[in-house]
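Comments concern the structure below.
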Number of protein chains: 2
Amino acid sequence: MRYSKEHKLETHARIVQKASVRLREKGAHGIGVADLMKEAGLTHGGFYAHFASREQLLIEAFTYAMDRSTARWRKLAADTPREQRLALIVDHYLSASHRDDPGRGCAVPALGAEVARESTKTRKAFAAKLDAMIDAIASEYVDAPPKVARKQAIAALATMMGGLLMARIAGTGELSDTILDAGREAVLGRAAPVKRLGKQSAARPAKKAAGKSAAKASATPKAKAAL
Amino acid sequence: MRYSKEHKLETHARIVQKASVRLREKGAHGIGVADLMKEAGLTHGGFYAHFASREQLLIEAFTYAMDRSTARWRKLAADTPREQRLALIVDHYLSASHRDDPGRGCAVPALGAEVARESTKTRKAFAAKLDAMIDAIASEYVDAPPKVARKQAIAALATMMGGLLMARIAGTGELSDTILDAGREAVLGRAAPVKRLGKQSAARPAKKAAGKSAAKASATPKAKAAL
DNA sequence: ACCAAGATATGTCCGGGATCATATTATGCC
DNA sequence: GGCATAATATGATCCCGGACATATCTTGGT
């Protein structure tokens, strides 16, 4: 072969990476093939030498973005004492910087709804990565049986993703910050993350943090539904 | 005036309503002006007699969809004993029928991410309705101080919206149903809803951990329309 | 240095969508 | 019934995006 062995692979990877950023920023249909190629320093013509279709790029870019998030969490967990892992992840996830930088953030709040409308093939590829995400978080709920841990992980992720989505809709003002706070508190069960800025409110019923399984014991008649 | 006073108003409203359904189904950019007009039984030409721009229709359609959801919750609450209200709303929200019928469902999981990328004007209009949604749910947390109630409402909504989004990504299989379950349990503090809602996706035993303390039973009657 | 294969660029086709200008149709008042 | 006017339809324009056919450039081996 004339070109260096990895030349095309590198170019391909670069297209995917840059596309994954711009797609998260502008939406699955918010940017065209020509502009995506330009992001990688190329023109639109060579596109079909790399991808069978635009959809194929979408799949690769989505997959890449999801893998990056999951890998980041696993790495963060590996470098952190167990009791702090979940808090660290959640604090990063429900932060203003994540809210304000969708291009480098989780693909689910940014692209999930659009993915749900794409072809089955695309949706399933994405769903598989969502499943991996769930597993990564579930592995933090070590003291619960696998099925319970997965449900807890799902609940935590749902709150995180829904919270980030809501915060982005709200923009950057007070409501948005309150949403981020409320989400963190709900997931972490009012435990104070190491580096909270302010806004640490009164006691709330214990949540479903890494504690025992369901722990519905507290039987709080009213304030229930802490999550 | 030649035409009956409300003729145009009715047409306008019909366009908005039909559009709000199709937009939730196909995304904010997934359907064009011509097809949206066709939905209302018209052709595309008259569009600009009703709306200054496509964006204006989006704003009206989004607003309409959000108002409908909020109004439905308030009505549901008014017709239900206090202890069951939240459970009823959540059970409807995190149901297979809501998941499978985005056109009649909550606009946030369906359109939120796209709205966050629209013009400030559009986003703010949507955010205002999100705020109203939060208030509607917060009014169920009657025994907490207003600020706490709002945070609890935000957390509940985040879990609901994130859960529905995740469930739609997962499709209609077992993972998807597990996500709906996990979300309900998280929001309602592990109480199992008495029965599933109307149309069930795949045949699956809905008998999940129903053992523990029955915090709040939720006798959900049949339901069809979504939230 | 040369050159063939591979990688990228140029240019085009086709379809679709937003917008608007103009034509047609429907309505209710005289 | 006829007419002025409002509501809707027809048709055209302009632009953008995906796909692809073809041309040009780049590179490593000779």
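We name chains A, B, ... by the order of the sequence lines, and we start the count at 1 in each one. Bear in mind the structure is a predicted one, so any value in this text is a computation, not a measurement.
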(message) What is the separation between atom CZ on A:F47 and atom P on D:dG18, rounded to the nearest whole Å?
(response) 8 Å
(request) Side chain of B:R54 only, please: which of C:dT19, D:dT8, D:dG18 is the nearest? (result) C:dT19
(message) Tell me the interatomic distance from A:E39, atom CD, to C:dT8, atom P, rounded to whole angstroms.
(response) 17 Å
(message) What contact category does B:G32 fall into here, base, sugar-phosphate, or nothing, at under 4.0 angstrom with non-hydrogen atoms?
(response) sugar-phosphate
(message) Tell me whether the rings of A:F62 and A:F126 are parallel (<30°), tilted (30 to 60°) or perpendicular (>60°).
(response) perpendicular
(request) When you get a sec, tell me which of D:dG18, C:dC20, C:dT8 is the closest nucleotide to the side chain of B:Y48? (result) C:dC20
(message) Among D:dT8, C:dA9, C:dA18, which nucleotide has an atom closest to any side-chain atom of B:A49?
(response) D:dT8
(message) Could you tell me how far apart B:H29 (NE2) and C:dA18 (C1') are, to the nearest whole angstrom?
(response) 13 Å
(message) Distance alone, cut at 3.5 Å: any donor-acceptor contact between the side chains of A:T178 and B:R150?
(response) no
(request) To the nearest Å, give me how far apart CG (B:L36) and C1' (C:dG16) are. (result) 14 Å
(request) Check the distance between D:dG18's P and A:L57's CG and give it to me in whole angstrom. (result) 10 Å
(request) Assess whether atom CZ of A:R104 is packed by more than 12 heavy atoms of other residues, nucleotides or ligands within 6.0 Å. (result) no
(message) Strictly below 4.0 Å, N to O, side chains only: are A:E39 and A:K26 in salt-bridge contact?
(response) no
(request) Establish, from distance only, whether the side-chain atoms of B:S20 and B:R24 form a donor-acceptor pair under 3.5 Å. (result) yes
(message) How many whole angstroms separate atom CG of A:L58 from atom P of D:dG17?
(response) 14 Å
(message) Categorize B:H50 for me: base, sugar-phosphate, or nothing, with a 4.0 angstrom heavy-atom threshold over every strand shown.
(response) sugar-phosphate
(request) Let me know the distance between CD of B:E55 and P of C:dG17, rounded to the nearest Å. (result) 19 Å
(request) Record whether the side chain of A:H44 comes under 3.5 Å of the base of C:dG11 through a donor-acceptor pair of N or O atoms. (result) yes
(message) Rounded to whole Å, how long is the line connecting atom CE of B:M37 with atom P of D:dA7?
(response) 13 Å
(request) May I ask you to evaluate whether B:T11 reaches the phosphate of D:dT8, defined as a side-chain N or O under 4.0 Å from OP1 or OP2? (result) yes
